[in-house]
Each structure stands twice: as structure tokens, then as C-alpha cells.
Amino acid sequence: MKTYIKVFTISMLLTGAASCTGFLDKEPLDQLASSTFWKNQEEVDMALAGVYARVLSSTFNHNAMFWDVMGGDLCTNQGNAVIPLAQGMIEPNSGSIVSSVYSECYQGISSCNFFLDNVDRSPVSDDVKNRYKSEVLFLRAMFYFTLTEFYGAVPFYTKLVTINEAKVAKTPKAEVVAQILTDLETAIGQLPNVPYNGHAVKGSALALKAKVLLHNERWEEAAQAANQVIQDGVFSIFNNYRTLFLATGQNNNPEIMMSARYLNPDRAVQGPDIQFAWHGTINPRGELVNDYECTDGQPITTSPRYNPANWRENRDPRLLMTIKGFEDKVFNSAGVEMGFNYNAPSGTGYMPVKGLNWDALPVDYNTRSEQDWVLLRYAEVLLMYAEAKNEHSGPDASVYSAINTVRSRPGVEMPDIPTGLSKEQMRERIRHERRVELALEGKRYFDIKRWKTAETYVPTLVDPGGVRRQFNPAKHYLFPFPQSEMDTNDQLEQNPNY
């Protein structure tokens with residue numbers, strides 16, 4: 001662990017801006033010593049805002065789209081640092097996301113531990129302290145869960161530590177997951193059961209609990225956690241798939257359960273509009289485009305509605321709210337045609353739509369992207385419930401209902417899935433639905449790893465330029481620990497085969 005694991009001063013922990021509603025709109029103080037802090041409600045609020053600011057890091061903001069490059073749904077420009085990683089050239093000294101995920105998650109964990117170690121010094125009420133602690137426990141659980149997804153067993157700290165104390169061996173993944181679930185149980189018991197407003201709420205913690213359990217194949221418990229969200233009735237499917245990912249549709253949105261919030265647009269200098277609608281950093285692959293059904297609910301391989309001469313016709317409406325052809329015209333909210341000034345053509349012929357604001361066009365370095373990056377939403381909870389329930393006990397009526405609720409969103413209105421499916425057939429339907437519903441949201445890489453399909457799917461992919469991707473199941477289901485961390489912590493054992 002690097003020097004940020006030392007006992008932190010307030011200035012080190014609260015650097016950066018928070019961008020949530022209420023007090024989280026304030027910029028945290030950056031020059032206060034911990035010995036003079038925690039005196040009043042305002043300072044506690046600033047400390048909490050500093051913890052939330054960690055969610056704006058590249059691991060959790062719109063840069064999560066690059067996970068879908070790793071997952072085979074996207075390509076990226078030549079020269080981008082993720083290209084060799086996607087092609088299987090992953091090593092401890094690779095840098096890029098191999099290092100940034102590790103450092104950003106531990107920075108978040110250190111901020112969480114700092115808050116939890118000190119908040120009891122403040123004069124705020126126990127009710128406020130318990131709620132704030134629960135929000136921070138939720139965030140710490142999210143940071144640790146992300147680490148386990150990438151690295152498996154990891155060094156584990158629940159208190160601030162000195163540099164020497166940070167030099168510890170890996171804690172087994174099962175033990176880390178157990179603490180994640182313990183933290184989430186505390187949060188679930190203390191957080192209000194209300195819609196998301198920039199602060200983690202009970203539904204946020206339940207959704208993350210369901211996700212942690214799902215990714216660890218604890219099917220029955222995952223289904224129970226997701227079903228509690230469904231039965232509580234606090235969240236629902238939003239009526240506009242396109243604006244769910246734009247600032248215009250995100251205020252009081254009933255589907256969003258956790259997000260990286262950018263209410264201050266100056267904090268999104270390199271936002272998705274610059275990266276994806278100007279630099280054209282990512283290009284959707286044809287494999288993803290072809291996986292969208294036709295409007296009759298059939299795949300393009302069997303549907304009579306599919307027109308090979310025009311891939312846009314008669315397709316699941318989510319396709320054109322996610323992906324466009326490189327030359328396709330777009331229109332702003334006033335109906336005016338807007339032009340692009342892409343830096344380079346698409347390597348696949350396709351460009352992203354989801355999360356891009358046509359009202360911001362034409363894009364330049366003055367463009368500020370204000371939309372939040374959605375991390376958890378109700379549609380994913382429904383699909384997690386369907387998957388966990390099907391894996392545990394097969395496709396009962398509740399599984400069909402969960403999937404069809406996602407498909408019947410206003411403006412999407414895809415046909416219900418066929419009845420009479422076997423468990424195996426339902427599994428494939430759920431996996432398809434996750435791919436198209438959650439496309440370009442950074443979920444696919446984690447899905448194909450946990451399903452153990454990465455080793456068969458990734459090697460079928462050929463990138464623009466003719467390079468075939470590689471995936472070695474003996475090593476690539478985990479990232480290596482960054483070499484800099486191995487050099488710093490002599491107790492840290494490298495992951496297998498690196």
C-alpha cells in the first residue's frame with residue numbers, strides 16, 4: 001500500500017468536490033487539520049461529502065464504459081491503454097486500470113475508515129451519526145466488493161493504519177465478502193427506506209447486497225435481497241430509457257439507486273460527451289448490435305422482420321437508444337439536426353448513444369457533461385432477482401414477471417419472453433436481457449467472468465486491425481496486483497501465474 005494508508009489529515013481525505021444533493025453539493029474543506037475538525041454538523045457533512053467524492057474516480061464514473069471494452073462489447077481507439085489489456089496483455093507493470101482500480105478503491109476505503117474512526121468525536125445526534133455511518137459502510141462495501149471482483153483476496157483494513165501496519169498479507173476473499181455483507185446489513189438496518197437522493201438509502205444497500213451475493217453464487221440469499229427491494233415498492237422502472245442516462249431525466253428518477261453525481265458540471269471536464277461524442281474513444285462491436293432482438297421478440301437469425309440491408313429497422317428500441325451508426329444523424333431536444341466533429345472514424349461503424357447529450361453538440365473542450373453515472377438501478381435489481389431465483393429453483397412466474405417488467409418499459413415495450421422455458425433456456429434469456437438492457441454501463445466484463453464464459457467468448461473476438469483477443473483462464477479471471485504495491489508490501493503475494 002502506498003503512503004495514502006498513513007493516518008490521514010483532513011486535507012488529504014477531503015480533497016476534491018462532492019456532487020450530491022443538499023450538503024453534498026458543497027465543496028469539502030481542503031486545508032483543515034483533524035485535531036480542529038468534527039466540531040459541528042457542517043464539518044461532519046463536509047467529511048461525508050469527502051467520502052462520497054471518492055465515487056467520482058475513474059473506477060466508478062463514466063470511464064466504467066471501458067470495462068465493456070474488456071467484456072467484448074466495445075472496441076477503443078488505437079493507442080488507448082485498455083487495448084493491450086483487452087487483448088490479454090495484462091501484467092503487474094501494465095499500469096492503467098490495473099493500478100488505478102487498486103489505488104482508487106483503497107483511497108475510498110481510507111476515506112471511509114477515517115470517517116468511521118472520527119465521527120463519534122462530533123456533537124451531532126446519534127440518529128444522524130448512525131445514518132451517516134451507514135452511508136459510509138455502504139460505500140466501503142462497494143469499494144471492497146470492487147476490489148474482490150478484480151483481484152480476489154486482498155489486503156483488508158477496517159481502521160486507519162500506518163505505513164508499516166499496511167504491510168499485511170491478503171485476506172481470503174470469503175472473509176472480505178463476509179465483512180462486506182456485515183457492513184451492508186448494518187446499513188440496511190439504519191438507512192431510510194426512501195427514494196435515492198444522492199445519499200445511499202436502504203434500497204441502495206439491498207441492491208448492493210443482492211449483487212455481492214449474486215456474484216458469489218449465493219443464489220437463494222441474492223434472490224431474497226433483490227425481492228425485498230421489489231416488495232418494498234420504493235423504486236420502479238422509469239418511463240424513458242434514453243433520458244435515464246441524461247441530466248434531464250435523472251432528477252428524482254424512481255429507477256436510480258446509486259450514482260456518481262455530477263451536479264457541478266465543472267467536475268466532469270473530460271465527461272462522456274468529450275470522450276465519446278468528440279474523441280470517439282469507444283466503438284460498439286457488431287456482436288453487441290446483432291444481439292438485439294427484432295420487435296417481434298425473435299433474434300435477427302430467425303425473425304422475418306429483420307432487414308439485412310438496414311440493421312436499424314424493426315429492432316428492440318433500446319438498440320437505437322444505445323448505439324448509432326457512425327454517419328447517422330442526430331437531433332437535439334428542439335428537433336434541430338446536430339453535427340459531430342469526431343476526431344477519428346469508428347473502427348466498427350458504430351458509435352455510442354447512451355449517456356450522450358445531443359444538446360451539447362458540437363463538442364469541444366469547453367463542454368461540461370452534467371449527467372450522473374448510474375451505478376445501481378432498479379432494472380438491474382429485477383434482472384438480478386430473475387437470475388438468482390432461476391439458478392436457485394428454476395423459472396417460476398416471478399422470474400418471468402421480473403424480466404417482462406424490464407422489457408415492457410414505456411417506449412421499449414418488447415414482447416414478453418416465451419413461456420415454458422427450461423432452467424437452462426431461461427438462463428440464456430436472462431443473460432441476453434442483461435447484455436442489452438445494461439449495455440455500455442460497464443457490467444458485461446464482470447458478467448462474462450462470473451459466468452466463466454470469458455475464456456470461450458473473448459478468443460472469438462478480432463479487433464480492428466486484425467488482432468485476435470486472448471483470455472487465459474489460468475490467470476485472467478483476476479487482475480495482477482500492481483508491481484508498485486508488490487514492491488511496497490513484502491507480505492503481499494501475487495495472484496496466480498503473473
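No hydrogens, no waters, no symmetry mates; every other heavy atom, side chains included, goes into these values. Everything quoted here is computed from the prediction, not taken from an experiment. Here, residue 1 is the first one in the sequence, and each next residue gets the next number.
- In summary, the side chains of Y457 and E287 do not present any donor paired with an acceptor at a separation below 3.5 Å, with no hydrogens or angles considered.
- With sequence neighbours excluded, the residues that form a side-chain contact (heavy atoms from CB on, under 4.5 Å) with T248 are T243, L246.
- Of the possible polar contacts, none joining the N495 side chain to the P480 backbone as a donor-acceptor pair under 3.5 Å is found.
- Counting only distance, with no hydrogens or angles, the side chain of N130 and the backbone of K133 share no donor-acceptor pair below 3.5 Å.
- For the 3.5 Å distance criterion, the side chains of E413 and S408 fail to qualify, holding no donor opposite an acceptor.
- Ring geometry, W38 versus F114: the interplanar angle falls from 30° to 60°, so the pair is classed tilted.
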_Determine whether D372 and R261 satisfy the following criterion, salt bridge (charged side-chain N to carboxylate O under 4.0 Å, His left out), listing intermediate values before the conclusion._
CA-CA 5 Å; D372 304 333; R261 305 200 75 176; 3.4 Å; yes

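- A donor-acceptor contact closer than 3.5 angstrom links the side chains of S398 and D396.
- With sequence neighbours excluded, no residue forms a ring-ring contact (aromatic ring centres under 6.0 Å, His included) with W219.
- The aromatic ring centroids of H199 and Y132 lie 6.0 Å or more from each other.
- Here CD1 of I430 is found 12.0 Å from CD of Q425. Values are rounded to the nearest 0.5 Å.
- Partners of R218 under the side chain to side chain donor-acceptor pair (under 3.5 Å) rule, at least two apart in sequence or in another chain, are E221.
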Tabulate below the donor-acceptor pairs under 3.5 Å that side-chain atoms of residues 202-209 make, not counting sequence neighbours, or state none.
| residue | atom | partner | partner atom | Å |
| --- | --- | --- | --- | --- |
| S204 | OG | V201 | N | 3.2 |
| S204 | OG | M257 | O | 2.6 |
| K209 | NZ | E185 | OE2 | 2.3 |

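- The pair E104-R54 does not count as a salt bridge, with every side-chain nitrogen at least 4.0 angstrom from each carboxylate oxygen.
- Between S236 and E255, the side chains place no donor N or O within less than 3.5 Å of an acceptor N or O (distance only, hydrogens not considered).
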*Take L214 and R450 through the test side chain to side chain contact (heavy atoms under 4.5 Å, CB included) and record every step on the way to the result.*
CA-CA 9 Å; L214 184 83; R450 68 188 178 86; 3.6 Å; yes

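- Using a 3.5 Å distance cut-off with no hydrogens or angles, the side chains of E387 and W451 do pair a donor with an acceptor.
- Note on R315 versus E293: no salt bridge recorded, every NZ/NE/NH1/NH2 to OD/OE distance being 4.0 Å or above.
- A salt bridge does not link D447 with R431: none of the charged nitrogens is closer than 4.0 Å to a carboxylate oxygen.
- Looking at D273 and S369, their side chains do bring a donor and an acceptor atom within 3.5 Å of each other.
- A donor-acceptor pair shorter than 3.5 Å can be found between the side chains of N63 and Q275.
- Listed by first then second residue, pairs satisfying ring pair (Phe, Tyr, Trp, His ring centres under 6.0 Å) with a partner in residues 239-261 read Y241-F245, not counting sequence neighbours.
- D183 and Y144 share no donor-acceptor pair across their side chains, judged by distance under 3.5 Å alone.
- Not one N or O on the side chain of N390 forms a donor-acceptor pair closer than 3.5 Å with the backbone of A386.
- Side chain of D416 to backbone of N404: no donor-acceptor contact under 3.5 angstrom is found.
- Looking only at atom types and distance, the side chain of S110 has no donor-acceptor partner in the side chain of Y157 under 3.5 Å away.
- Classification of R409 and E437 as a salt-bridged pair holds, one side-chain N sitting under 4.0 Å from a carboxylate O.
- With sequence neighbours excluded, no residue forms a salt bridge (charged side-chain N to carboxylate O under 4.0 Å, His left out) with D296.
- Here the straight-line distance linking atom OH of Y106 with atom OG1 of T146 works out to 11.5 Å at 0.5 Å rounding.
- Scanning for ring-ring contact (aromatic ring centres under 6.0 Å, His included) contacts around Y350 gives W311, with sequence neighbours left out.
- With sequence neighbours excluded, no residue forms a salt bridge (charged side-chain N to carboxylate O under 4.0 Å, His left out) with K452.
- In this structure, the ring-ring contact (aromatic ring centres under 6.0 Å, His included) partners of F60, at least two apart in sequence or on a different chain, are F143.
- Taking OG1 of T322 as the reference point, atom CG of L288 lies at 8.0 Å (rounded to 0.5 Å).
- Taking 4.5 Å as the limit, every side-chain heavy atom of K170 sits out of range of all side-chain heavy atoms of F156.
- Partners of N227 according to the side-chain contact (heavy atoms from CB on, under 4.5 Å) rule, which considers only residues two or more places apart in sequence or in another chain, are I230, Q231, Y385.
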*Are K211 and E149 close enough, and set up right, to give a salt bridge (charged side-chain N to carboxylate O under 4.0 Å, His left out), and what steps lead you there?*
CA-CA 11 Å; K211 188 168 188 174; E149 288 292 284; over 6 Å; no

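- Between the side chain of R407 and the backbone N or O of P415, at least one donor-acceptor pair lies under 3.5 Å.
- Under the 6.0 Å cut-off for aromatic ring centres, F66 and Y445 do not qualify, their centroids lying 6.0 Å or more apart.
- Salt bridge annotation for E43-R121: absent, with no cationic side-chain nitrogen under 4.0 angstrom from a carboxylate oxygen.
- Evaluation of the salt bridge (charged side-chain N to carboxylate O under 4.0 Å, His left out) rule for K443 yields E380 as partners, not counting sequence neighbours.
- Aromatic ring orientation, F150 versus F479: tilted (interplanar angle from 30° to 60°).
- Closest of all the heavy-atom pairs between P418 and Y400 is O-CE2, 3.1 Å.
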*Between E441 and R377, is a salt bridge (charged side-chain N to carboxylate O under 4.0 Å, His left out) present by the stated rule, with each step listed?*
CA-CA 11 Å; E441 296 178 44; R377 58 187 179 95; 2.7 Å; yes

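- Checked against side-chain contact (heavy atoms from CB on, under 4.5 Å), T182 has the following partners two or more places apart in sequence or in another chain: Q179.
- Remark: side-chain polar atoms of S111 are paired, donor with acceptor, to backbone N or O of Q107 under 3.5 angstrom.
- Residues V212 and N216 meet the side-chain proximity criterion, which asks for heavy atoms closer than 4.5 Å.
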*Between D73 and R435, is a salt bridge (charged side-chain N to carboxylate O under 4.0 Å, His left out) present by the stated rule, with each step listed?*
CA-CA 9 Å; D73 278 352; R435 188 180 197 184; 2.6 Å; yes

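- Judged by distance alone, the side chain of K354 and the main-chain N or O of A439 form a donor-acceptor pair under 3.5 Å.
- A donor-acceptor pair under 3.5 Å is absent between the side-chain atoms of R285 and the main chain of L461, judged by distance alone.
- Atom OG1 of T419 and atom CE of M426 lie 9.5 Å apart (nearest 0.5 Å).
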*Begin from the C-alpha positions of E391 and R427 and carry the test side chain to side chain contact (heavy atoms under 4.5 Å, CB included) through to its verdict.*
CA-CA 8 Å; E391 294 297 335; R427 179 185 297 135; 2.7 Å; yes

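- With a 4.5 Å cut-off on side-chain heavy atoms, I237 and Y378 count as touching.
- Side-chain polar atoms of N113 and R140 form a donor-acceptor pair below 3.5 angstrom.
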